[in-house]
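Below is one structure; the comments refer to it alone.
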Amino acid sequence: SQQGEEDPQALSIQEGENATMNCSYKTSINNLQWYRQNSGRGLVHLILIRSNEREKHSGRLRVTLDTSKKSSSLLITASRAADTASYFCATGGNKLVFGAGTILRVKS
Amino acid sequence: KAGVTQTPRYLIKTRGQQVTLSCSPISGHRSVSWYQQTPGQGLQFLFEYFSETQRNKGNFPGRFSGRQFSNSRSEMNVSTLELGDSALYLCASSRAGTGEQTQYFGPGTRLLVL
């Protein structure tokens with residue numbers, strides 16, 4: 001079953017713009033992870049944020065976590081055409097529960 | 001370090017047949033998890049194996065089974081295939097003994113049931 005909602009379901013932006021995706025989850029967590037998937041291929045791990053962290057950065061990625069609202073956001077700055085993919089949040093360790101995902105399209 | 005590998009990459013089967021998918025984890029990883037991805041249900045957890053034992057199980061019928069070998073390689077089997085089993089099957093490995101660790105995914109096996 002899906003963990004929760006991801007918002008928006010789809011996002012289309014121009015190269016160089018920022019993209020923000022949001023994720024909500026239902027249960028208490030130890031950490032939350034974000035993954036990227038290109039065209040129905042395998043998932044690529046982007047970043048893991050622990051429940052005691054509020055914000056984490058990795059290159060052009062910035063993830064925030066609000067455990068009181070059971071929500072997280074992923075910000076991709078200065079987007080590139082190569083960022084076009086589906087993005088999923090997931091919780092649950094080795095038994096991951098995924099959100100429905102956000103389809104991001106970056107137009108060049 | 002080589003990533004997670006899955007074989008075969010593509011499969012076409014007919015209803016009623018069975019299928020076996022294989023997953024080789026990253027060297028040193030002892031946990032292997034399997035997921036099913038479909039357009040309708042999204043990504044769903046099937047089961048997790050650690051040290052040759054099934055440690056977690058998702059909400060799938062008994063037609064879906066798996067095993068793990070002493071070298072941590074894992075197989076999953078689906079018997080009596082149904083049209084709805086058409087999906088991308090992903091395996092993921094992690095170093096984890098206990099606790100929650102990053103999972104690294106393979107490229108997936110795309111199964112089409114006709």
Side-chain angles (χ1 to χ4, degrees), chain A residues 1-10 21 23-53 56 58-59 61 63 65 67 72 74 85-103, chain B residues 3-7 9-10 23 25-26 29-51 53-60 68 74 86-112:
Chain A
S1 62
Q2 301 293 331
Q3 171 70 288
E5 297 297 318
E6 289 192 52
D7 168 46
Q9 290 185 328
M21 289 159 266
C23 159
S24 63
Y25 56 92
K26 296 177 180 175
T27 60
S28 61
I29 61 171
N30 291 327
N31 61 56
L32 182 143
Q33 304 181 57
W34 283 89
Y35 287 86
R36 184 186 76 225
Q37 184 178 40
N38 292 85
S39 300
R41 298 178 188 172
L43 296 163
V44 175
H45 182 260
L46 295 176
I47 197 164
L48 180 152
I49 185 166
R50 302 191 188 284
S51 60
N52 60 354
E53 297 175 308
K56 197 164 182 180
S58 176
L61 306 180
V63 168
L65 179 64
T67 53
S72 175
L74 170 68
S86 294
Y87 291 81
F88 297 91
C89 68
T91 61
N94 289 334
K95 184 181 176 180
L96 288 173
V97 179
F98 287 87
T102 293
I103 300 171
Chain B
V4 177
T5 58
Q6 291 186 246
T7 56
R9 294 293 309 279
Y10 303 92
C23 172
I26 292 171
H29 286 192
R30 296 168 63 193
S31 169
V32 174
S33 299
W34 289 89
Y35 296 85
Q36 180 197 65
Q37 185 178 28
T38 60
Q41 298 299 315
L43 282 153
Q44 296 188 88
F45 171 78
L46 280 157
F47 28 65
E48 183 219 358
Y49 285 87
F50 177 77
S51 291
T53 301
Q54 187 180 87
R55 187 161 66 171
N56 285 296
K57 189 177 189 303
N59 188 26
F60 278 80
Q68 186 180 34
S74 177
S86 294
L88 180 66
Y89 290 89
L90 295 162
C91 87
S93 74
S94 70
R95 207 173 277 116
T98 57
E100 298 180 14
Q101 302 282 340
T102 298
Q103 290 200 12
Y104 297 88
F105 283 78
T109 293
R110 188 165 294 280
L111 172 65
L112 177 62

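Residue numbering restarts at 1 for every chain, and letters A, B, ... go by the order of the sequence lines.
Of all heavy-atom pairs spanning A/Leu96 and B/Phe45, the tightest one is O-CB, 3.8 Å. Nearest heavy-atom pair across A/Gln33 and B/Gln103 is OE1-N, 4.0 Å. When all heavy atoms of A/Lys95 and B/Lys57 are compared, the closest pair comes out as NZ-O, 3.8 Å. What you find for A/Asn94 and B/Ser33 is that their closest heavy atoms are O-OG, 2.9 Å. The heavy-atom pair separating A/Leu43 from B/Phe105 by the smallest distance is O-CB, 3.3 Å.
Using cut-offs of 30° and 60° on the angle between ring planes, the pair B/Tyr104 and A/His45 is tilted.
A side-chain N or O of B/Gln37 and one of A/Gln37 form a donor-acceptor pair less than 3.5 Å apart.
Interatomic distance, B/Leu90 CG to A/Tyr35 OH, rounded to the nearest 0.5 Å: 11.0 Å.
Interface remark: B/Glu48 contributes side-chain atoms only to the contact with chain A (heavy atom separation under 4.5 Å). Heavy atoms closer than 4.5 Å to chain A are found in the side chain of B/Tyr35, but not in its backbone. Only the side chain of B/Arg110 comes within contact range of chain A, with heavy atoms under 4.5 Å apart.
Within 6.0 Å of the CG atom in B/Asn59, the count of heavy atoms belonging to other residues, nucleotides or ligands does not exceed 12. In the displayed structure, A/Gln9 atom CD is contacted under 6.0 Å by at most 12 heavy atoms of other residues, nucleotides or ligands. Heavy atoms of other residues, nucleotides or ligands lying less than 6.0 angstrom from CG of A/Leu46 number more than 12.
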